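Quick caveat: nothing in here was measured; it's all calculated off a predicted structure. Read the numbers this way: they start at 1 and go in the same order the structure lists the ligands and their atoms. Computation of the quantities below employed the complete heavy-atom set of this structure, encompassing side-chain atoms and omitting hydrogens, waters and symmetry-equivalent molecules.
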Amino acid sequence: MAALLGHILKTQKHSFLLNITRSLDTISSSSLHQTPFTPTTLSRVKWLGSSGTEGVCGFDEMVGGKQRKYYMLGGKGGVGKTSCAASLAVKFADHGHPTMVVSTDPAHSLSDSFAQDLTGGRLVPVEGLNSPLYALEINPEKSMEEFSTATKKLGSGGVKNLMQSMGLGMVADQLGDLKLEELMHTPPPGADEIIAISKVMQFLESQEYNMFSRIVFDTAPTGHTLRLLSLPDFLDGSIGKVMKLKAKLGSVMKSLFGKEEPRNDASELDKLKASVVKIRDLFHDPDTTEFIIVTIPTVMAISESSRLHSSLKKEGVPVKRLIVNQVLPATSDCKFCSMKRKDQMRAIESIHNDSELAGLRLCQAPLVDMEIRGVPALKFMGDTLWR
Ligand SMILES: Nc1ncnc2c1ncn2[C@@H]1O[C@H](COP(=O)(O)OP(=O)(O)OP(=O)(O)O)[C@@H](O)[C@H]1O
């Protein structure tokens with residue numbers, strides 16, 4: 001992650017505004033090369049439910065105000081999280097918000113969705129828009145490596161051995177109580193993702209990047225995301241232990257050698273701890289953050305969404321909207337499609353009877369007859385979904 005941040009800052013810091021200008025310069029020509037997106041069925045048929053208000057997602061409320069807002073999109077694998085997140089980011093940018101779309105899913109698909117190479121763990125301008133939209137695919141594994149390296153340096157292993165060899169066995173024994181070895185070698189699942197996010201937060205706070213007013217997160221599938229949300233407390237505790245160790249060591253070093261052992265790792269961990277705490281607060285602040293659940297109209301996917309909402313509620317994460325993606329058109333000559341549509345409608349009906357989901361604002365996106373890839377396709381999706 002250090003490498004990632006270093007790279008981002010090195011390559012983007014000074015040329016950021018220049019890049020925006022450049023990307024704006026190239027827009028007209030790059031737009032010309034985008035494949036036109038013209039799904040055949042949906043422009044003609046009514047695909048939404050019978051009520052005219054169904055599918056209105058409250059985009060006006062989402063787009064209003066210049067204050068920075070974070071949107072996290074999550075749900076079961078393959079339901080269309082990336083497509084929905086990318087289309088939201090495009091729509092925000094089109095409405096004048098300098099926007100960043102971040103993928104924290106270890107199996108990134110932003111590049112596929114935008115049909116542009118956004119890989120490399122650095123901020124990349126998305127082409128084909130009239131306003132600044134940047135994408136970042138962060139590599140959670142690298143973030144975890146950085147955390148492990150920093151904690152291992154301070155952890156019980158090396159330091160404890162060193163202390164024992166110096167005849168400081170008693171202090172070393174006390175360190176054993178902290179169970180640092182165990183803690184550092186078995187990080188909980190999802191730790192990588194939260195650390196990656198915390199690094200993005202650190203970097204978003206820098207002056208160069210405070211112009212971004214909308215940040216859209218494309219998260220990993222449900223289970224991973226849930227573990228992620230409960231992690232800040234865990235990490236807060238574990239980083240706290242490391243800091244405690246550092247304090248103990250510092251005072252021993254001082255009494256022995258008259259000066260504390262200089263280590264930058266501790267201040268790195270301090271920063272990490274502060275940003276993990278910040279993320280926890282951010283996840284719970286309805287004024288700045290919203291988690292949007294994405295699902296498809298099947299009983300299984302809707303049941304999972306219901307469980308997801310229940311867990312998010314328990315965690316105190318603000319959720320207002322539920323996207324039902326891939327809804328079939330209302331009229332069709334295809335018998336299979338009509339049967340499938342009836343099945344979908346029954347599944348959607350079950351949302352209204354689900355105590356967890358009934359209170360959420362229901363947004364619908366049609367199943368289109370072309371893969372959603374590239375800015376024109378994402379604009380199309382955004383115009384039907386984010387209304
Ligand atoms: N409404 C839609 N109509 C047609 N195709 C769609 C629609 N939504 C998504 N797709 C297609 O479905 C596939 C999966 O979509 P996407 O990558 O957005 O899902 P995901 O939930 O992010 O997947 P994963 O869990 O694997 O990250 C892609 O090929 C995308 O183009």
Side-chain angles (χ1 to χ4, degrees), residues 34-49 54-55 57 71-91 101-116 118-119 126 135-140 190 192-193 196 216-228 291-298 300-302 304-305 308 321-330 332 334 337 340-341 344 347-348 362-387:
Q34 297 271 2
T35 321
F37 185 78
T38 47
T40 51
T41 52
L42 290 161
S43 48
R44 288 183 278 111
V45 294
K46 187 175 187 300
W47 58 272
L48 289 171
E54 235 178 317
C57 208
Y71 288 90
M72 311 188 75
L73 284 87
K76 204 171 151 60
V79 293
K81 295 178 295 295
T82 306
S83 310
C84 294
S87 69
L88 179 60
V90 166
K91 187 123 183 185
V101 57
V102 185
S103 166
T104 60
D105 185 347
H108 297 300
S109 38
L110 277 182
S111 293
D112 291 335
S113 188
F114 281 101
Q116 292 174 29
L118 307 169
T119 56
V126 175
L136 173 64
E137 291 187 336
I138 49 176
N139 184 342
D192 47 0
E193 202 171 352
V216 179
F217 283 103
D218 171 26
T219 71
T222 311
H224 210 98
T225 307
L226 280 178
R227 289 197 296 268
L228 179 157
F291 192 102
I292 301 178
I293 301 174
V294 185
T295 193
I296 49 171
T298 66
M300 280 169 80
I302 287 166
E304 185 166 325
S305 304
L308 174 60
R321 292 170 175 83
L322 171 69
I323 297 173
V324 184
N325 187 24
Q326 303 186 9
V327 180
L328 278 162
S332 167
C334 148
C337 308
K340 186 71 193 157
R341 157 104 184 162
Q344 287 194 341
I348 291 177
L362 197 60
C363 317
Q364 295 190 32
L367 175 73
V368 299
D369 60 358
M370 293 172 82
E371 200 174 18
I372 314 243
R373 286 194 77 231
V375 169
L378 292 167
K379 276 190 179 169
F380 177 90
M381 185 174 198
D383 287 342
T384 52
L385 169 59
W386 304 111
R387 299 183 303 136

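Heavy atoms only, all atoms of each residue included: Ile302 and Thr295 are closest at N-OG1, 3.8 Å. Taking each heavy atom of Ile296 and Val324 in turn, the nearest pair found is C-CG1, 4.1 Å. Counting all heavy atoms, side chain and backbone alike, Val126 lies closest to Val375 at CG1-CG2, 4.1 Å.
Residue Pro366 is tested with Leu328, Asn325, Thr384 for a side-chain contact (heavy atoms from CB on, under 4.5 Å); the sole match is Thr384.
The line from CG of Asp218 to CD of Glu137 is 9.0 Å long, rounded to the nearest 0.5 Å. Note: Leu118 CG to Asp112 CG = 9.5 Å, rounded to the nearest 0.5 Å.
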Between the protein and ligand 1, are there any N or O atom pairs that come within less than 3.5 Å of each other, and if so, what are their names and distances?
| residue | atom | partner | partner atom | Å |
| --- | --- | --- | --- | --- |
| ligand 1 | 1 (N) | Asn325 | OD1 | 2.9 |
| ligand 1 | 1 (N) | Pro366 | O | 2.8 |
| ligand 1 | 3 (N) | Val368 | N | 3.0 |
| ligand 1 | 8 (N) | Asn325 | ND2 | 2.9 |
| ligand 1 | 18 (O) | Thr82 | N | 3.4 |
| ligand 1 | 18 (O) | Ser83 | N | 2.8 |
| ligand 1 | 18 (O) | Ser83 | OG | 2.6 |
| ligand 1 | 19 (O) | Gly80 | N | 3.1 |
| ligand 1 | 21 (O) | Gly78 | N | 3.3 |
| ligand 1 | 21 (O) | Val79 | N | 3.1 |
| ligand 1 | 21 (O) | Gly80 | N | 2.9 |
| ligand 1 | 21 (O) | Lys81 | N | 2.9 |
| ligand 1 | 21 (O) | Lys81 | NZ | 2.9 |
| ligand 1 | 22 (O) | Lys81 | N | 3.4 |
| ligand 1 | 22 (O) | Thr82 | N | 2.8 |
| ligand 1 | 22 (O) | Thr82 | OG1 | 2.7 |
| ligand 1 | 23 (O) | Gly78 | N | 3.3 |
| ligand 1 | 25 (O) | Gly78 | N | 2.8 |
| ligand 1 | 25 (O) | Lys81 | NZ | 2.7 |
| ligand 1 | 27 (O) | Asp105 | OD2 | 3.4 |
| ligand 1 | 29 (O) | Glu371 | OE2 | 2.7 |
| ligand 1 | 31 (O) | Ile372 | N | 3.2 |

